[in-house]
Amino acid sequence: MKTRFGWHDLSIVLHYTGRILAGLSLLCLIPAFSSLVAGEFAVAVDFMISFGAMLTLGSGFAAFAPNGKRPGWVHGMTTAGLSWLFAMVVAALPYWLSSHYNSYLDAMFDVMSGLTTTGLVLLQDLDHVSIGINMWRHILTFVGGQGIIVLALALFTDSSGGGYGFYVGEGKDERLFPSVMHTAKSIWRISILYLVIGTMMFWFAGIQIGLTPIRAFLHGFWMYMATWSTGGFAPMSQNVLYYHSTLYQILTFIFFTLGSFNFALHAAVLRGNRRELLKNTETVSFTITMSLTLMVVIWSLTKLHVYPDLVAQIRKGFYHLASAHTTTGFMTIYPQQLANEWGDSAIAAVIIAMMIGGSACSTAGGFKGLRIGILVKAVLQETKRLMRPSSSIVVQKYSYHGVRALSEQQVRNAALVVLLYIAIFAVAVVGGCLAGFPLLESAFEAASVTGNVGLSIGVTSTTIPAGLKILYIFNMWAGRLEFMAVLASMGFIGIFFTRRKI
Amino acid sequence: MALWLAGFLPSFGGEPITGEIKSAAAIPVSRLVEKAASFDGSVVTIEGEIVGDVMKRGLYEWICVLDNGTAIGVWSDSASIYHGMIIGSYSSSGDTVRVTGVFHRACNDHGADLDIHLRTIERLAPGTETVHPVQKGRAIAAIMFCVSGGLFTFFWKRKETGS
Amino acid sequence: MKKMSSSETKAARIVHGVVVEILYTVALGLLGTCICMIVAVLAK
């Protein structure tokens, strides 16, 4: 049966995109309120402009696009893809109004970086930024980590049949419960639980290290949101280095590692199934890949005598490797130090760690540990098949919330997504080289962008060509949504405008 | 163990009396970071604006100096820092200071952080309040957008309940 | 002994789960520290 998309399909997509944008506009009220409390009245006005503009656009789409037909799978996926792009455009308005950006493209770059929990920054003069703007930056990364669609599903309980399509379009396919609405609410409950615990711990740590109670609370709240979402934003330009604190580093390590875990794993452990932490394919694969890449990093740093002692190697080498592997992007060294001091083998190991990333259905990016686990199991299965008589049937099992048999379809899906990640990574490497950067630095930044990491070796800056910024925005978007929504959006638009049938 | 605790205990012991003085003129912080290895252990001078927070840790404190877009942490005993420091933020530009101290590429006392251990600090210019007035045009735009958002939402909800 | 209500049991399970997860990440941190120690010695 051939498919064609017409105005009615477009109106469904625009309607739901409008609902999501209208919901997103409500988030503007949080920084508007915090600016009012802080006496930043001009900033509060900017956020009210943004709130009104987003609400107008969102409710305009929702009002003028009819909602007669139930959304299908493709509508859900296309809405997921397009709503992220619309969100990028409109959520950049407060940034633009703050005068901390050289162009609207830079502002959109930072929005996409926040929503995709990448963490690369083009904002100018971060150390003089208002409380309102810092609140907006960190809220975007916290909401983006969970997913703007997930937030919409959790809050707007219109039980449309296309709910699963919206959910999967945002790079999640794990159902914690049969109902996707219930799953979305559970994800938010887990995040809010840890938000309370984490903010309290960071607040306490902030007071210990010499911040005033109010500043300690603000920094704690923001740093927790950036940590759990594996976003990597920080309220000061020096990032985590600003705090000069072992305690802050330990807390960020704990919460960005937790943030990189699958929400289904959190749900299982919080329900009492603690063994899943040890048996789960993702945690096992994460432990193995982190250990292997860490060995390379420490070997390289030791050989080059980069750091004076073991404690320094742990606080710099291990911390940055963990920050890379969980796709957080926190740094306690300057990007120039990474480029000048770490050596090629350590940087290569960090690139591999960034590309592998965290767990599926988490706030982390990268290929995901589950896909690596599946592909490794597939290799084992093939090896066994070769060793045994041709007539024998080889069943490969893996542990993922129970023991499961590996299927050809799973292997194919995992391989396809990994291949697509590598493809857009390669394009970004070439883009960086064309912009005049050395190969290893281009590869590092490309991995950081594609895996939604946010570590920088010095490539990302406001002076890079606009084409490279757009390429990086595309990679952040595609990497975060894991391609399905991106392919659906591009296919939908292509079919709609060419009026073809497929 | 002592080094591990460096994150939340004050640093004990002073700096060595001798240290190569690289230059009496101020060095841009970005250059210090770029050429960190060559400046490591030397006495350097930087100029910049105080931003962020003064983080007191026992008898010592951290201040943050911002020089043309690159910030650096400066560690000092509290007695060496002058009183009445104006710190740069959204609502103020901080004191412009001249800091002389020992530069560390990977400080032994502070978990290999890149920092300066202060010897002297001099205020070159006091900080000032930064005013951000509410612009009339933006205030009107805010009201107009909020009204239009409200109207569109009303129209949308009425259409939904109607259908 | 007073029997816990289902909400108390649920709260206890959540608290226990949070503690276990945090301890797991601490264990990962210790594993990483051990790897750093061993590799640093071997590399010298």
Side-chain angles (χ1 to χ4, degrees), chain A residues 18 22 25 39-43 45-46 48-56 58-60 62-63 66-68 97 124-125 127-131 133 208-212 215 236-238 241-249 306-309 311-313 315-316 332-334 336-337 340-341, chain B residues 3-8 30 33-34 36-37 49 51-57 61-62 64 66 69-73 75 88-91 93 105-106 108 110-115 130 132-135 138-139 141-157 159-160 163:
Chain A
S25 72
E40 297 167 351
F41 301 115
V43 177
V45 167
D46 289 346
M48 291 314 293
I49 292 174
S50 308
F51 162 70
M54 276 191 232
L55 185 62
T56 302
S59 50
N67 184 22
L97 292 171
Q124 302 297 294
D125 198 15
D127 298 310
H128 289 97
V129 125
S130 62
I131 286 172
I133 288 290
Q208 285 292 108
I209 64 173
L211 294 172
T212 61
R215 293 280 292 175
M236 303 300 292
S237 64
Q238 283 189 291
L241 176 63
Y242 176 74
Y243 303 101
H244 301 283
S245 164
T246 312
L247 186 54
Y248 241 74
Q249 273 191 274
V306 178
Y307 295 113
D309 55 33
V311 172
Q313 299 230 68
R315 285 191 65 179
K316 297 300 181 195
T332 60
I333 58 177
Y334 293 84
Q336 299 91 316
Q337 289 185 282
N340 298 337
E341 297 170 14
Chain B
L3 292 172
W4 182 80
L5 287 172
F8 40 89
S30 56
V33 171
E34 197 70 40
E49 180 194 350
V51 293
D53 303 84
V54 174
M55 287 185 272
K56 293 190 190 298
R57 301 195 190 173
E61 50 197 58
W62 282 104
C64 186
L66 178 69
T70 309
I72 190 166
W75 173 252
S89 66
Y90 172 72
S91 52
S93 71
R105 180 187 67 82
N108 274 337
H110 298 119
D113 286 352
L114 187 149
D115 65 22
T130 310
H132 299 274
V134 175
Q135 293 174 38
R138 287 196 185 187
I143 293 167
M144 281 173 58
F145 274 121
C146 287
V147 167
S148 70
L151 283 172
F152 275 55
T153 306
F154 172 74
F155 179 58
W156 161 31
K157 290 297 170 190
K159 201 173 177 190
E160 221 156 67
S163 62

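Residue numbers begin at 1 in each chain, while the letters A, B, ... track the order of the sequences. Just so we're clear, the structure is a prediction, and the values are computed from it rather than from any experiment.
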I'd like to know which of B:C64, B:G52, B:A36 tops the heavy-atom pair count under 4.5 Å against chain A.
B:G52
Would you give the length of the straight line joining atom OG1 of A:T246 to atom NE2 of B:H110, rounded to the nearest 0.5 angstrom?
9.5 Å
Sort out for me which of B:A141, B:S91, B:S89, B:A106 touches chain A most, counting heavy-atom pairs under 4.5 Å.
B:S89
Given a strict heavy-atom distance threshold of 4.5 Å, which part of A:Y242 is in contact with chain B: side chain, backbone, both, or neither?
both
Determine the minimum heavy-atom distance between A:S59 and B:G149, stating which atoms define it.
OG-O, 3.8 Å
Closest non-hydrogen atom pair, B:M55 against A:Y243:
CE-CA, 4.2 Å
From A:Q238, A:K316, A:R315, residue fulfilling side-chain hydrogen bond (donor to acceptor under 3.5 Å, both in side chains) relative to B:D113:
A:K316
Region of A:F41 in contact with chain B, defined by heavy-atom distances below 4.5 Å:
both
Interatomic distance, A:Q336 atom CD to B:L114 atom CG [nearest 0.5 angstrom]
9.5 Å
Name the option with the most non-hydrogen atom pairs under 4.5 Å to chain A; the candidates are B:L151, B:D53, B:V134.
B:D53
Counting heavy-atom pairs under 4.5 Å with chain B, which one of A:D125, A:D46, A:I333 comes out on top?
A:D46
Minimum-distance pair of heavy atoms, taken over all atoms of B:P133 and A:A42
O-CB, 3.9 Å
Atom of A:V45, atom of B:A142 and distance for their closest heavy-atom approach:
O-CB, 3.9 Å
Using every non-hydrogen atom in the two residues, find where A:H244 and B:G73 come nearest and quote the distance to one decimal.
NE2-CA, 3.8 Å
In the structure I gave you, are the side-chain heavy atoms of B:R105 and A:V306 within less than 4.5 Å of one another anywhere?
yes
Between A:L97 and chain B, with a heavy-atom cut-off of 4.5 Å, which part of the residue counts as in contact: side chain, backbone, both or neither?
both
Answer with side chain, backbone, both or neither: which region of A:E341 has an atom nearer than 4.5 Å to a non-hydrogen atom of chain B?
side chain
Most heavy-atom pairs under 4.5 Å with chain A, out of B:V51, B:V33, B:D115, B:V147, belong to B:V33
A side-chain contact here means heavy atoms from C-beta on lying under 4.5 Å apart; do A:Y334 and B:I72 qualify?
yes
Can you tell me which portion of A:D127 sits under 4.5 Å from chain B's heavy atoms? Options are side chain, backbone, both or neither.
both
Part of B:V54 within contact of chain A (heavy atom distance under 4.5 Å)
backbone
Checking heavy atoms, do the side chain of A:S130, its backbone, both or neither come under 4.5 Å from chain B?
both
Heavy-atom pair count under 4.5 Å with chain B, highest-scoring of A:I131, A:N340, A:L55, A:I49
A:I49
Just so I know, are the side chains of A:V43 and B:H132 near enough to count as touching, which here means a heavy-atom distance under 4.5 Å?
no
Hey, is CZ on B:F145 packed in by over 12 heavy atoms from elsewhere, all under 6.0 Å?
no
For B:E49, is it the side chain, the backbone, both or neither that has a heavy atom under 4.5 Å from a heavy atom of chain A?
side chain
Where do A:A63 and B:F152 come nearest, in terms of heavy atoms and distance?
CB-O, 4.3 Å
Under 4.5 Å to a heavy atom of chain B? For A:V129 that would be backbone
Considering only heavy atoms from C-beta outward, does the side chain of A:H128 approach that of B:T130 to under 4.5 Å?
no
Side-chain contact, heavy-atom cut-off 4.5 Å: A:I209 with B:W62?
no
